[in-house]
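Note sheet for the following structure.
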Amino acid sequence: MARLATHNPNGAIDLVPFTFAVLDDRTIVSAVDHKPKRTRQLRRLANIRANPSVTVLADHYEEDWSKLWWVRARGDAVVLDRPPEAVLAALVAKYEQYGAQPPAGPAIVIAVTELRGWSSGG
């Protein structure tokens, strides 16, 4: 499970689950896909355009606490209305559901500036 946190115009944090892929150890990508949404003018895109500072939190939970972990990435994001093929290809490679219907965009590209994590295994 992963969540994307952005800053809204009121100064509060907006947090949403999101699909993502890692292009390299300092770049995370996501794109607006075909899943049902109220609008394609997503608040997270407007938030990023106004303030590019974002945080991504990915975590894993199980009843067996020896398998718990989390990773937090902070960085600067940009919204690309016409995402490069590499961004879409990374998402299609990660998510089987995108094979038949790849995300059309826009895309979010995050340049990771800080990476932290924890696992119960040490």
Side-chain angles (χ1 to χ4, degrees):
M1 172 69 71
R3 295 156 197 88
L4 174 67
T6 60
H7 300 268
N8 71 33
N10 298 325
I13 301 295
D14 288 340
L15 187 66
V16 294
F18 82 129
T19 57
F20 72 97
V22 177
L23 285 187
D24 57 49
D25 60 345
R26 290 291 174 190
T27 309
I28 299 170
V29 297
S30 184
V32 177
D33 59 28
H34 60 280
K35 290 190 302 290
K37 296 166 183 57
R38 286 181 289 208
T39 178
R40 296 200 45 96
Q41 303 299 317
L42 302 177
R43 168 56 55 193
R44 71 192 87 157
L45 302 178
N47 288 351
I48 290 169
R49 286 182 170 117
N51 182 343
S53 181
V54 300
T55 299
V56 172
L57 178 66
D59 65 280
H60 177 76
Y61 178 82
E62 288 192 29
E63 293 297 323
D64 177 352
W65 285 7
S66 69
K67 298 178 182 179
L68 304 178
W69 61 264
W70 61 263
V71 174
R72 181 184 65 222
R74 291 190 172 135
D76 297 312
V78 63
V79 176
L80 302 177
D81 290 317
R82 295 174 195 235
E85 183 57 37
V87 168
L88 300 178
L91 291 162
V92 169
K94 182 175 179 185
Y95 297 100
E96 181 181 318
Q97 299 89 329
Y98 288 159
Q101 191 172 4
I108 298 169
V109 178
I110 302 166
V112 176
T113 58
E114 179 186 334
L115 195 59
R116 300 267 190 242
W118 171 86
S119 75
S120 58

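Not a single side chain to side chain contact (heavy atoms under 4.5 Å, CB included) links Arg82 to another residue, sequence neighbours left out. Qualifying side chain to side chain donor-acceptor pair (under 3.5 Å) partners for Asp24, counting only residues two or more places apart in sequence or in other chains: Thr27. By the side chain to side chain donor-acceptor pair (under 3.5 Å) test, Arg74 is found to be paired with no residue, residues two or more places apart in sequence or in another chain being considered.
Note that the CG atom of Asp33 and the CG atom of Leu88 stand 11.0 Å from one another [nearest 0.5 Å]. Here CG of Asp14 is found 10.0 Å from CZ of Arg44. Values are rounded to the nearest 0.5 Å. Between the CZ atom of Arg49 and the CG atom of Asp81 there is a distance of 4.5 Å, given to the nearest 0.5 Å. Within the model, atoms CZ of Phe18 and CD1 of Ile28 stand 6.0 Å from one another, a figure rounded to the nearest 0.5 Å. Rounding to the nearest 0.5 Å places CG of Leu115 at 6.0 Å from CZ of Arg26. Separation of atoms OG1 (Thr19) and OH (Tyr98) is listed at 3.0 Å; rounding is to 0.5 Å.
Contact record, Ala31 with Pro103: CB-CB, 3.7 Å, taken as the closest heavy-atom pair. In terms of heavy-atom proximity, Glu62 sits nearest to Lys67 at OE1-CD, 3.2 Å. Heavy atoms only, all atoms of each residue included: Leu91 and Ser30 are closest at CD1-C, 3.9 Å. The minimum heavy-atom distance linking Asn47 with Asn8 is given by the pair OD1-CA, 3.4 Å.
Under a 3.5 Å cut-off, the side chain of Asn10 and the backbone N or O of Ala12 do not form any donor-acceptor pair. Within the 3.5 Å criterion, the main-chain N or O of Phe20 finds a donor-acceptor partner in the side chain of Tyr95. A donor-acceptor pair under 3.5 Å links the side-chain atoms of Ser120 to the main chain of Leu68, judged by distance alone.
Two residues are said to be in side-chain contact when any heavy atoms from C-beta on lie closer than 4.5 Å; Arg3 and Asp59 meet this criterion. Side-chain contact between Ile108 and Leu4 is present, with heavy atoms from C-beta onward closer than 4.5 Å.
Side-chain polar atoms of Ser53 and Asn51 form no donor-acceptor pair below 3.5 angstrom.
Cluster membership for Leu42 and Ile13, using ILVMFWY side-chain heavy atoms within less than 4.5 angstrom, is not shared.
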